[in-house]
Amino acid sequence: MADDKKKRNKKKKRGNGNKKKMTTEQSEAFKSVTDWLFVGFSSPSRSSSSDDFSVTINSSSLRCGEKLVFELHSHSNRSDGFLSPSKLVERAYNNGVKVLSLTDHDTMAGIPEAVEAGRRFGVKIIPGIEISTLFGSRDSGSEEPVHILAYYGTSGPAMYDELEDFLVKIRDGRFVRGREMVLKLNKLKIPLKWEHVTRIAGKDVAPGRMHVARALLEAGYVENLRQAFTKYLHDGGPAYATGSEPMAEEAVKLICKTGGVAVLAHPWALKNHVGVIRRLKDAGLHGVEVYRSDGKLEVFSELADTYSLLKLGGSDYHGKGGRNESELGSVSLPVTALQDFLNVGRPLWCEAIKATMKAFLDQPSDSNLSNILRFDRARILKGNSAWSCGKELMDRCLAIWLTSDERKSNDFEALRLKLSFVPITSNGSCVTLGP
């Protein structure tokens with residue numbers, strides 16, 4: 001009896017010792033990431049009447065050594081996901097996700113709703129996109145689809161209008177592509193209706209392969225979504241079609257120009273992943289997806305090391321259900337990888353804020369003001385009734401977007417001074433200026 005008790009105690013001690021202690025590097029990374037996480041979020045100890053109108057994160061759940069869950073690849077029904085941005089954020093919260101990037105295909109339409117939901121649930125949102133592109137082989141002349149993830153700061157991209165024009169062309173091409181897929185299915189004696197696809201996609205949503213797959217399933221032509229892809233819609237499949245996707249290098253360069261972090265999505269799906277990574281690195285690529293819910297893929301980790309790229313990853317969650325889909329928040333990213341990501345991203349996001357503020361200074365129009373307020377309008381404007389100039393708006397924005405150290409910049413000081421002479425009203429409208 002006494003021997004059994006000793007054995008149990010030994011097992012207990014051994015079990016407690018299994019939890020690895022964080023290294024100094026990991027502890028420093030954890031502090032760096034959590035410091036960023038709390039920017040723009042109120043402390044639980046602060047009064048609820050605080051003027052910052054930000055959400056509260058419970059710091060007790062972020063003890064050093066606790067898991068920080070970043071979900072950097074997800075989709076809503078603003079592209080081909082099943083959940084609304086709000087429901088996606090709610091699910092992320094229930095799964096313990098602290099930071100969520102909504103990366104819908106070729107659109108940022110769902111970001112404002114996700115940001116608002118993030119404020120309610122205490123989930124920080126990184127505005128993102130997954131851009132559909134093509135990569136052309138210089139040797140064979142063949143092309144293959146390549147998806148590039150773009151991650152922006154809370155303020156969103158600089159030169160938003162230029163990026164949106166770029167994305168509109170891709171979305172317009174999705175309608176052409178969708179019709180072509182339906183036509184190919186019709187030629188295969190599958191009488192699917194285009195109206196069925198657009199009804200599933202919803203108003204103002206550019207249809208994708210997932211919408212065609214769902215229409216096939218609803219009409220009874222396939223047994224499940226997986227079969228729709230394996231039988232008809234996979235890359236090069238009998239009903240596959242391309243739209244008006246730009247070349248991958250062009251997309252990467254535009255992401256860099258607009259202040260984003262450019263990351264190659266699911267490289268394991270590519271035929272020529274080495275060639276793609278090498279060429280896109282030359283174009284400015286910052287990282288590559290290496291981590292999945294089933295762990296780290298060594299071959300892509302080694303390629304990331306070879307080309308000095310960030311190692312990231314995400315679930316690519318769509319909400320379609322089934323055993324083949326990774327759950328939201330199921331990818332475990334090392335805290336040091338998160339620190340590396342933020343070390344690259346935060347300076348770029350600061351520069352994007354400067355560019356957006358300067359555009360408003362150079363041309364103080366409602367359009368340029370709208371680009372400042374685009375993703376965080378409610379939080380920026382709420383509770384402020386006495387604004388009279390652009391400097392006060394800028395101070396408000398920087399206080400909820402950046403750390404105090406990031407705000408201490410000669411460039412920001414110069415912009416503040418000049419914006420003192422730009423009139424603005426508290427509801428976010430410009431006062432008409434003289435010549």
Side-chain angles (χ1 to χ4, degrees), residues 17-41 57 59-74 92 95-101 103 123-126 128 148-154 255-256 260-268 277 280-281 284-317 326-350 402-403 405-406:
N18 282 340
K19 190 173 180 182
K20 289 182 183 176
K21 191 176 176 183
M22 290 182 93
T23 64
T24 303
E25 181 188 22
Q26 288 169 331
S27 297
E28 289 173 356
F30 186 90
K31 183 180 184 308
S32 172
V33 173
T34 51
D35 284 349
W36 169 82
L37 179 58
F38 281 102
V39 174
F41 282 68
I57 293 180
S59 60
S60 67
S61 67
L62 292 177
R63 292 186 301 272
C64 192
E66 292 293 321
K67 192 175 177 185
L68 282 174
V69 182
F70 276 50
E71 174 54 82
L72 296 178
H73 194 160
S74 67
N95 287 0
V97 173
K98 295 292 186 291
V99 178
L100 173 72
S101 184
T103 53
V123 175
K124 190 156 187 165
I125 304 299
I126 293 178
I148 310 294
L149 293 158
Y151 300 109
Y152 292 98
T154 311
I255 293 167
C256 295
V261 178
V263 174
L264 178 62
H266 32 71
W268 46 85
I277 290 171
L280 294 189
K281 169 66 178 178
L285 188 74
H286 298 103
V288 60
E289 285 196 314
V290 164
Y291 294 94
R292 305 192 306 192
S293 57
D294 57 356
K296 180 171 75 171
L297 299 185
E298 285 300 334
V299 62
F300 298 106
S301 179
E302 289 168 9
L303 278 170
D305 287 334
T306 300
Y307 292 99
S308 301
L309 293 167
L310 296 170
K311 301 177 186 181
L312 298 173
S315 67
D316 197 7
Y317 181 81
S326 296
E327 182 54 81
L328 199 65
S330 61
V331 175
S332 182
L333 293 172
V335 70
T336 49
L338 299 177
Q339 182 187 36
D340 291 342
F341 169 55
L342 293 175
N343 284 347
V344 170
R346 289 172 70 176
L348 296 175
W349 301 338
C350 275
L402 300 176
T403 64
D405 286 341
E406 287 170 327

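Below, each value reflects all heavy atoms present in this structure, side chains not excepted, and no hydrogens, waters or symmetry copies.
Take Tyr317 and apply the ring pair (Phe, Tyr, Trp, His ring centres under 6.0 Å) test, not counting sequence neighbours, and it matches no residue. Residues forming a side chain to side chain donor-acceptor pair (under 3.5 Å) with Asp405 (at least two apart in sequence, or on another chain): none. Looking at residues two or more places apart in sequence or on another chain, you find no salt bridge (charged side-chain N to carboxylate O under 4.0 Å, His left out) involving Lys281. Applying the ring pair (Phe, Tyr, Trp, His ring centres under 6.0 Å) criterion to Phe300, with sequence neighbours excluded, gives His273.
Heavy-atom minimum distance, Leu402 versus Cys350: CD2-SG, 3.7 Å. Residues Phe70 and Val33 share a closest heavy-atom pair of CZ-CG1, 3.7 Å. Of all non-hydrogen atoms in Pro334 and Tyr291, the two that sit nearest each other are CG-OH, 3.3 Å. What you find for Gly329 and Val69 is that their closest heavy atoms are O-CG1, 3.7 Å. Taking each heavy atom of Val288 and Pro267 in turn, the nearest pair found is CG2-CG, 3.6 Å. A pairwise comparison of heavy atoms in Lys296 and Val290 identifies CG-CG1, 3.4 Å as the closest pair.
Within the structure, every pair that satisfies the salt bridge (charged side-chain N to carboxylate O under 4.0 Å, His left out) test and touches residues 333-346, not counting sequence neighbours, is listed here: Arg346-Glu406. Applying the salt bridge (charged side-chain N to carboxylate O under 4.0 Å, His left out) test to every pair with at least one member in residues 23-33, sequence neighbours left out, gives these pairs: Lys31-Asp35.
Side chain of Ser301 to backbone of Leu297: no donor-acceptor contact under 3.5 angstrom is found. Judged purely by atom type and a 3.5 angstrom limit, Asn95 uses its side chain to pair as donor or acceptor with the backbone of Leu328. The backbone N or O of Ser332 sits nowhere less than 3.5 Å from a side-chain atom of Lys67 that would complete a donor-acceptor pair. Judged by distance alone, the side chain of Tyr151 and the main-chain N or O of Leu72 form a donor-acceptor pair under 3.5 Å. Side-chain atoms of Glu71 come within 3.5 Å of backbone atoms of His73 as a donor-acceptor pair (strictly under, hydrogens ignored). Between the side chain of Glu289 and the backbone N or O of His266 there is at least one donor-acceptor pair closer than 3.5 Å. When atom types are taken as modelled, the side chain of His286 and the backbone of Val263 share no donor-acceptor pair closer than 3.5 angstrom. A donor-acceptor pair under 3.5 Å is formed between the side chain of Ser74 and the backbone N or O of Ser101.
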### Message
Could you walk me through whether Lys98 and Thr34 satisfy the side chain to side chain contact (heavy atoms under 4.5 Å, CB included) test, starting with their C-alpha distance in whole Å, then the side-chain angles of each, then the deciding distance to 0.1 Å, before giving a yes or no?
### Response
CA-CA 10 Å; Lys98 295 292 186 291; Thr34 51; over 6 Å; no
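Taking the side chain as every heavy atom from C-beta outward, Leu338 and Trp36 never approach each other to under 4.5 Å. In this structure the side chain of Thr154 never reaches within 4.5 angstrom of the side chain of Trp349, judged on heavy atoms. Side-chain contact between Leu264 and Ile148: present, with at least one pair of heavy atoms (C-beta onward) separated by less than 4.5 Å.
For the atom pair Leu303 CG and Lys311 NZ, the distance stands at 10.5 Å (nearest 0.5 Å).
A salt bridge does not link Asp316 with Arg292: every distance from a Lys NZ or Arg NE/NH1/NH2 to an Asp or Glu carboxylate oxygen is 4.0 Å or more.
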